[in-house]
Amino acid sequence: MTMGLRCVAIPVCGRNSELSWRQGYLFLQRTFSLHTAHLRKDMENFFQLVKNIVPALTEKKHKGQDGRIGIVGGCQEYTGAPYFAAMSALKAGADLSYVFCAREAAPVIKSYSPELIVHPVLDSPNAVQEVKKWLPRLHALVVGPGLGRDDLLLKNVKGILEASKARDIPIVIDADGLWLIAQEPALIQGYQKAILTPNHMEFSRLWEAVVSSPVDSSDDHASVLRLSQALGNVTVVQKGEHDLISDGQQVVRCSQEGSSRRCGGQGDLLSGSLGLMAHWALLAGLEKTNGTSPLLVAAWGACSLTRQCNHQAFQKYGRSTTTTDMIAEIGAAFSKLFET
Ligand SMILES: NC(=O)C1=CN([C@@H]2O[C@H](COP(=O)(O)OP(=O)(O)OC[C@H]3O[C@@H](n4cnc5c(N)ncnc54)[C@H](OP(=O)(O)O)[C@@H]3O)[C@@H](O)[C@H]2O)[C@@H](O)CC1
Ligand SMILES: Nc1ncnc2c1ncn2[C@@H]1O[C@H](COP(=O)(O)OP(=O)(O)OP(=O)(O)O)[C@@H](O)[C@H]1O
Ligand SMILES: [Mg+2]
């Protein structure tokens, strides 16, 4: 059973319309309330599906079983983004979070937190080999937060992507990882365990790279569906006022209430927590997701979580809310949304 977003056709009342103005008004009112009811039902369904994939906390498990997540990113300019992504995975419930970054970024990232395991390998001549050693231990990779666009780093990331695909590891691609994909879409084309998380700008770049016609800005649903299909049905999360998620077959929308605060780093919280949820969802499988694509469920879960963190942090800090405040809300937001 699939639970895509339902579209409702609404007739337009022109001068020659058989519907009187009042009839038209009542029709529209009923249609919209039905539509809202459908959306509410979809939301309820997706909350349940996310709850189904969250692993139980039991005393029988050992360290690592609930998630070992690797972040590939962090360079001289950007140290905050990989830290946010790695911490978000941990705070959402991962047991271990690794950062593979450029040498210069490593001491900085380590100094932010003793919780992270940091490998300063990304700009070394044998970067791919160094990361490859760790791949058998990783449940998911998040590629791109704070990666930058240096040619050497991007070349190494290409090798890491190839090696990760060969091991069938789920890969979330964000930020400068999406820059790389826009240069070379074949890197991810058709890989069914990839999730791309473009913001507005990143979506436009990807669109230009893989779809020949201009983007139809009046129909976001059709656009995200089309981009996913053009990439061979990889899952795409188009971030924005509402998040739209597609696996090339359906489109689901996440409209969890957030706030109007748009500080940098919120996308990193999303990609880090999504790495973890992608692992959980794939492990749980189609039975737990009632036949809905596990990656669609994971993406919807991470989007809801990010927006709820934003909402909660904004209640406390208003205009001064930063991503650090949002990360501090992950525990409470997770419990509120997904703990039964
Ligand atoms: N603390 C840290 O270390 C952080 C580091 N980060 C890292 O920075 C790196 C670059 O990432 P990025 O997102 O800044 O780059 P990119 O894709 O060029 O977009 C930039 C341009 O796009 C535009 N734009 C964006 N949204 C838009 C919208 N909704 N609607 C319209 N326009 C929109 C906007 O254009 P402007 O308004 O300036 O004209 C903006 O200038 C990457 O590694 C990332 O991980 C971040 O994670 C933050 C925290
Ligand atoms: N206008 C908006 N209203 C509400 N939520 C939004 C809005 N725009 C983005 N978001 C939410 O903020 C989160 C991050 O999206 P955003 O577009 O800021 O990513 P980003 O630009 O990649 O962030 P980053 O600064 O980490 O790179 C997503 O969960 C998205 O739902
Ligand atoms: Mg971003």
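Note that the structure is predicted; figures quoted are calculated from it, not measured. Read the numbers this way: they start at 1 and go in the same order the structure lists the ligands and their atoms. For this chain, numbers begin at 1 and follow the sequence in order.
Near Glu202, meaning under 4.0 Å from one of its heavy atoms, ligand 1 places the atoms 13 (O), 17 (O). Shown in contact with Arg149 at under 4.0 Å from a heavy atom are these atoms of ligand 1, numbered in order with element: 15 (O), 16 (P), 17 (O), 18 (O). Atoms of ligand 1 found under 4.0 Å from any heavy atom of Asp176 (numbered from 1 in listed order, with element): 9 (C), 42 (C), 43 (O).
For Glu77, the closest heavy-atom approach to ligand 1 does not fall below 4.0 Å. At least one heavy atom of Pro145 lies less than 4.0 angstrom from ligand 1. The closest approach between any non-hydrogen atom of Gln266 and ligand 1 is not below 4.0 Å.
Closest to atom 24 (N) of ligand 1, if we only count protein heavy atoms, is Met201 CB, 4.1 Å.
A donor-acceptor contact shorter than 3.5 Å is absent between the side chain of Trp280 and the backbone of Pro55. Between the side chain of Arg261 and the main chain of Thr321, a donor-acceptor pair closer than 3.5 Å is present. Remark: side-chain polar atoms of Arg253 are not paired, donor with acceptor, to backbone N or O of Leu244 under 3.5 angstrom. The main-chain N or O of Leu153 is found under 3.5 Å from a side-chain atom of Asp150 such that the two form a donor-acceptor pair. Not one N or O on the side chain of Asp168 forms a donor-acceptor pair closer than 3.5 Å with the backbone of Lys165. Side chain of Asp66 to backbone of Ala94: no donor-acceptor contact under 3.5 angstrom is found. No donor-acceptor distance shorter than 3.5 angstrom exists from the side chain of Ser124 to the backbone of Pro120, with no hydrogens or angles considered.
Between the choices Leu147, Asn199, Thr324, the shortest heavy-atom distance to atom 13 (O) of ligand 1 belongs to Asn199. Of the options Thr79, Thr323, Thr322, Asp268, the smallest heavy-atom separation from atom 47 (O) of ligand 1 is shown by Asp268. Among Arg262, His200, Glu241, the residue whose heavy atom sits closest to atom 33 (C) of ligand 1 is His200.
Near ligand 2, residues Asn199, Lys239, Gly240, Glu241, Asp243, Arg262, Gly264, Gly265, Gln266, Gly267, Asp268, Thr306, Arg307 come within 4.0 angstrom through at least one heavy atom.
Of the polar atoms of Ala81, at least one N or O is found under 3.5 Å from an N or O of ligand 1, judged by distance alone. The N/O atoms of Phe84, backbone and side chain alike, include none that comes under 3.5 Å of an N/O atom in ligand 1. Considering backbone and side-chain N/O atoms, Gly80 comes within less than 3.5 Å of an N/O atom of ligand 1.
Classification of the Phe338-Phe47 ring pair by plane angle, with boundaries at 30° and 60°, yields tilted.
At a threshold of 4.5 Å between non-hydrogen side-chain atoms, the residues Lys336 and Gln308 count as touching.
Within 6.0 Å of the CZ atom in Arg103, the count of heavy atoms belonging to other residues, nucleotides or ligands does not exceed 12.
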